[in-house]
A.B. asks: 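I'd like to ask you about the structure that follows.
Within every chain, numbering begins at 1; the chains are lettered A, B, ... in the order of the sequence lines, protein sequences first and strands thereafter.
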Protein chains: 2
Amino acid sequence: MSDRNRAVTIADVAARAGVSQASVSRVLNGKQSVDPAIVQAVQAAITALGYTPSVAARSLVHGRNDTIAMVVPDLENPLFQGILRGLSRAAAADGYRVLVADTAEQVDEEEATALEARHRCDAIVLCAPRMPEERLQRLVARIAPVVVVNRPLPGAQVPIVGVDYARGIRDLVDHLHGLGHRRFAFLSGPELSASNAERLRGVADAVAAEPGITIDVIEGGSRLDDGYEAAEYVDAARREGVTAVIAFNDLVALGLMTRLRELGVEVPGDLSIAGFDDVPMARFATPPLTSMSVPRGEIGAQVWTRLRTLIAGGPIEHTVLYRPRLEARESTSRV
Amino acid sequence: MSDRNRAVTIADVAARAGVSQASVSRVLNGKQSVDPAIVQAVQAAITALGYTPSVAARSLVHGRNDTIAMVVPDLENPLFQGILRGLSRAAAADGYRVLVADTAEQVDEEEATALEARHRCDAIVLCAPRMPEERLQRLVARIAPVVVVNRPLPGAQVPIVGVDYARGIRDLVDHLHGLGHRRFAFLSGPELSASNAERLRGVADAVAAEPGITIDVIEGGSRLDDGYEAAEYVDAARREGVTAVIAFNDLVALGLMTRLRELGVEVPGDLSIAGFDDVPMARFATPPLTSMSVPRGEIGAQVWTRLRTLIAGGPIEHTVLYRPRLEARESTSRV
DNA sequence: CTGTTAGCGCGTTCAT
DNA sequence: ATGAACGCGCTAACAG
């Protein structure tokens, strides 16, 4: 790091300004008060020499980096992308940088990756939707300060920022119920994913709360292809009376709609479809896709707020879950 | 960084193993030859104490970080996301981490951001599609080792990895020409974007090479909305005889198709439409969108290869441009 | 208010 | 083959 050619150090500045390194350091950090004349001389020397403090040396002395790491299973996921973006910008505003640690879906390497990242950075943002609770529990204890994203962790000593998927699903079901739907299908996501489990909880809650409804669960996935490939099963369910489908997310819903169109199933005429996440494309689908909007960027910013508190030695703040907002569009209609 | 509680240092290991710090260091780095007995003792002490070398101290001594930074104008862009992903994985395989520096579209801050990033990292991957050539030229010289992504820089002393947009556009025009189209419209991207300029060059080349064709340029943008909003202009062009539209990228094309459908314009019946980038959604559009595929992940990996060479003191390798591959789908048809 | 001194944790001579 | 000592660049504690 630093410059190619021999770096100019604080000693050079001190020499040129005719003062001690300590004085230079003081001017640099604005600690204590320094004689205006010295400040002048030092600043002159600094600009003359083009001096920049060594990050490494500072890190060694302070035991911190002003860098945090975001550990993520797949950078391709729009949710994580949005969070990373919001996090990166919020942290930057406080002078912190963000390192990305993509574990490439290797659940077994998440711990090692997180530990390694923690060793290089001051704190961790952990996205590990598939890690078993116990392992996560232990890991979190080892890498604190840390904020966990988008998954519950009962009794954990760690701030959690996420989305209230259960609530979102319930709100969505309510919406569809209001449109007259009674028989639903839920196209589920990755089996071990925590957010999928939360959605399923929402499904169960909805069924319990609204006696007149049924919700079939059909295996789906998280990507466009998964929705596309599930279409036949969905169509079969439709023939058996299902009138509305809730997909794990928008990508799945969009893939599903594509295949249904090929199969000649009209949306929403023959079947209402809703997604989750409200990705930009949802508005532009044909028909525009009803979805539950999730504030990705804001989640990232909120994660930073929590982490900053922790870094500053503050308390573990309460879990915060964002309630998804219904974006009712034309893919769902009165039955 | 490092652990919350007082870190265990190399001195602790040395003490417990009953040897000198130097020996521990040797064992750690596998330099020179060490007495097998000592190796044993040291390794035992290391695992017993759970010792991990301090990244900061190493950085200070070596003058490097094993970290590179990717400076990017907007993390929302699918192209940069894909490159980041490929880069991150390739670099990780060599023990390097990637820091993201999102400049949030602030062209004026790109230089400062890049310099700051370079100060913290061993090298830079620079995505600055809108920075004027001269400024980029100077910047590149100051932050080397650096690889520039996705834009030309004539005579620059820097490796460049990118996409041959001009060639891609030409191939696309050829394809459409083969389908019988003669009058085209190009929905252009961000005015100052280098890749847009390259595409325009492709447009000009195509017109020069194929005497019988015309290509109108219509102002567009880079996002779904931009395509949506340009639809009226596109439709007007259609009424004047344009039969095929090439959009700056797939997002624009998809937004355009959505609005055209609302306007009652049939694709490809009334108008053929093609995009660029081949985002996942392209295949799932209605009709499936013809596009030019770009190997995002591979570009990221290639960037790392170039950068690794540079870091190792190697030469500035030649520019490499990927030729987009035509993915002909149903949104374009014989006229 | 300022300079001197002593580490931060590690790699690396230089003797032994 | 091994250990002692120094230095990487900087900040914090202590005198003056």
Side-chain angles (χ1 to χ4, degrees), chain A residues 1-43 45-46 49-67 95 116 118-122, chain B residues 1-43 45-46 49-67 118-122:
Chain A
M1 55 218 253
S2 174
D3 305 306
R4 250 292 186 261
N5 31 10
R6 170 158 276 86
V8 28
T9 86
I10 201 174
D12 302 325
V13 176
R16 192 176 216 275
V19 298
S20 73
Q21 298 190 16
S23 291
V24 177
S25 177
R26 290 194 256 268
V27 173
L28 246 45
N29 302 301
K31 306 270 185 187
Q32 308 183 206
S33 52
V34 188
D35 186 296
I38 291 205
V39 176
Q40 286 287 334
V42 168
Q43 282 172 341
I46 286 179
L49 271 45
Y51 165 78
T52 325
S54 153
V55 177
R58 283 178 112 105
S59 299
L60 182 56
V61 141
H62 283 137
R64 60 192 181 70
N65 241 354
D66 296 340
T67 303
E116 209 275 338
R118 177 61 182 83
H119 198 69
R120 313 178 84 90
C121 302
D122 302 342
Chain B
M1 57 219 251
S2 172
D3 304 305
R4 251 279 187 274
N5 32 9
R6 170 157 278 84
V8 28
T9 86
I10 201 173
D12 303 325
V13 176
R16 192 174 214 278
V19 297
S20 74
Q21 300 189 15
S23 291
V24 177
S25 177
R26 290 184 185 108
V27 173
L28 248 44
N29 303 301
K31 305 272 186 185
Q32 308 184 280
S33 53
V34 187
D35 186 293
I38 292 205
V39 176
Q40 287 286 335
V42 169
Q43 283 171 342
I46 286 179
L49 271 44
Y51 166 78
T52 324
S54 153
V55 177
R58 283 179 112 106
S59 299
L60 183 56
V61 165
H62 284 133
R64 60 191 182 72
N65 242 355
D66 295 341
T67 303
R118 176 60 181 83
H119 198 68
R120 312 178 84 89
C121 302
D122 302 343

A.B. asks: Let me check the geometry of the helix from C:dC1-D:dG16 to C:dT16-D:dA1. What is the bend angle between the axes at its two ends, five pairs each, to 10°?
C.D. replies: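 Comparing the axis at each end, I get an angle of 50°.
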A.B. asks: Give one of base, sugar-phosphate or nothing for A:Val61, where a contact means two heavy atoms less than 4.0 Å apart.
C.D. replies: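 Here A:Val61 touches the bases of the nucleic acid.
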A.B. asks: Between C:dT12 atom C1' and B:His62 atom NE2, what is the distance in whole Å?
C.D. replies: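 The answer, rounded to whole Å, is 9 Å.
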A.B. asks: So if I take every side-chain heavy atom of B:Ile10 and compare against C:dG11, D:dA12, D:dG9, which nucleotide ends up nearest?
C.D. replies: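 Looking only at heavy atoms from C-beta outward on B:Ile10, the closest nucleotide is C:dG11.
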A.B. asks: Give the rounded distance in Å between these two atoms: NE2 of B:His119 and C1' of D:dG9.
C.D. replies: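 Taking NE2 of B:His119 and C1' of D:dG9, I get 10 Å after rounding.
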A.B. asks: What integer distance in Å separates B:Asp35:CG from C:dT16:P?
C.D. replies: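 So the two atoms are 22 Å apart, to the nearest Å.
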A.B. asks: A:Arg26: what forms a side-chain contact (heavy atoms from CB on, under 4.5 Å) with it, not counting sequence neighbours?
C.D. replies: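 side-chain contact (heavy atoms from CB on, under 4.5 Å) list for A:Arg26, sorted by chain: A:Ala22, A:Ser23, A:Gln32, A:Val34.
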A.B. asks: According to side-chain contact (heavy atoms from CB on, under 4.5 Å), who are the partners of A:Ala41, at least two apart in sequence or on a separate chain?
C.D. replies: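 Testing A:Ala41 for side-chain contact (heavy atoms from CB on, under 4.5 Å), a comparison that skips the adjacent residues, returns A:Ala17.
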A.B. asks: Considering only D:dT2, C:dC10, C:dG11, which nucleotide approaches the side chain of B:Leu28 most closely?
C.D. replies: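 For B:Leu28, the side-chain atoms sit closest to C:dG11.
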A.B. asks: If you take all heavy atoms of A:Gln21 and A:Ala11, which pair is closest and at what distance?
C.D. replies: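 Closest approach of A:Gln21 to A:Ala11: NE2-CB, 3.5 Å.
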A.B. asks: Just jot down the salt bridge (Lys or Arg N to Asp or Glu O under 4.0 Å) partners of B:Asp66, sequence neighbours excluded, or say none.
C.D. replies: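 Testing B:Asp66 for salt bridge (Lys or Arg N to Asp or Glu O under 4.0 Å), a comparison that skips the adjacent residues, returns B:Arg64.
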A.B. asks: Where along residues 15-26 of chain B does a heavy atom fall under 4.0 Å from DNA chain D?
C.D. replies: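 Those residues are B:Val19, B:Ser20, B:Ala22, B:Ser23, B:Arg26.
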A.B. asks: Identify the residue among B:Asp12, B:Ile10, B:Val42 that makes a side-chain contact (heavy atoms from CB on, under 4.5 Å) with B:Tyr51.
C.D. replies: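 Checked B:Asp12, B:Ile10, B:Val42 against B:Tyr51; only one passes side-chain contact (heavy atoms from CB on, under 4.5 Å): B:Ile10.
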A.B. asks: Counting only side-chain heavy atoms from C-beta out, which of C:dT2, D:dC8, C:dC10 sits nearest to B:Leu60?
C.D. replies: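 Shortest atom-to-atom distance from the side chain points to D:dC8.
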A.B. asks: Residues two or more places apart in sequence or in another chain: which of them pass side-chain contact (heavy atoms from CB on, under 4.5 Å) with A:Thr67?
C.D. replies: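 Residues passing side-chain contact (heavy atoms from CB on, under 4.5 Å) with A:Thr67: A:Asn65, A:Arg97, A:Leu99, A:Cys121, B:Leu99, B:Arg120.
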A.B. asks: From the options C:dC10, D:dC10, D:dT2, select the nucleotide whose nearest atom is closest to the side chain of B:Arg58.
C.D. replies: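 Closest nucleotide among those given: C:dC10.
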A.B. asks: What's the verdict on side-chain contact (heavy atoms from CB on, under 4.5 Å) for A:Ile38 and A:Val24, showing C-alpha distance, side-chain angles and the deciding distance?
C.D. replies: CA-CA 9 Å; A:Ile38 291 205; A:Val24 177; over 6 Å; no
A.B. asks: Rounded off to whole Å, could you give me the CG-to-C1' distance for the B:Leu49 and C:dG9 pair?
C.D. replies: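 Between C1' of C:dG9 and CG of B:Leu49: 15 Å.
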A.B. asks: Only counting residues at least two apart or in another chain, list the ones meeting side-chain contact (heavy atoms from CB on, under 4.5 Å) with B:Arg58.
C.D. replies: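 Listed in chain order: B:Asn29, B:Pro53, B:His62.
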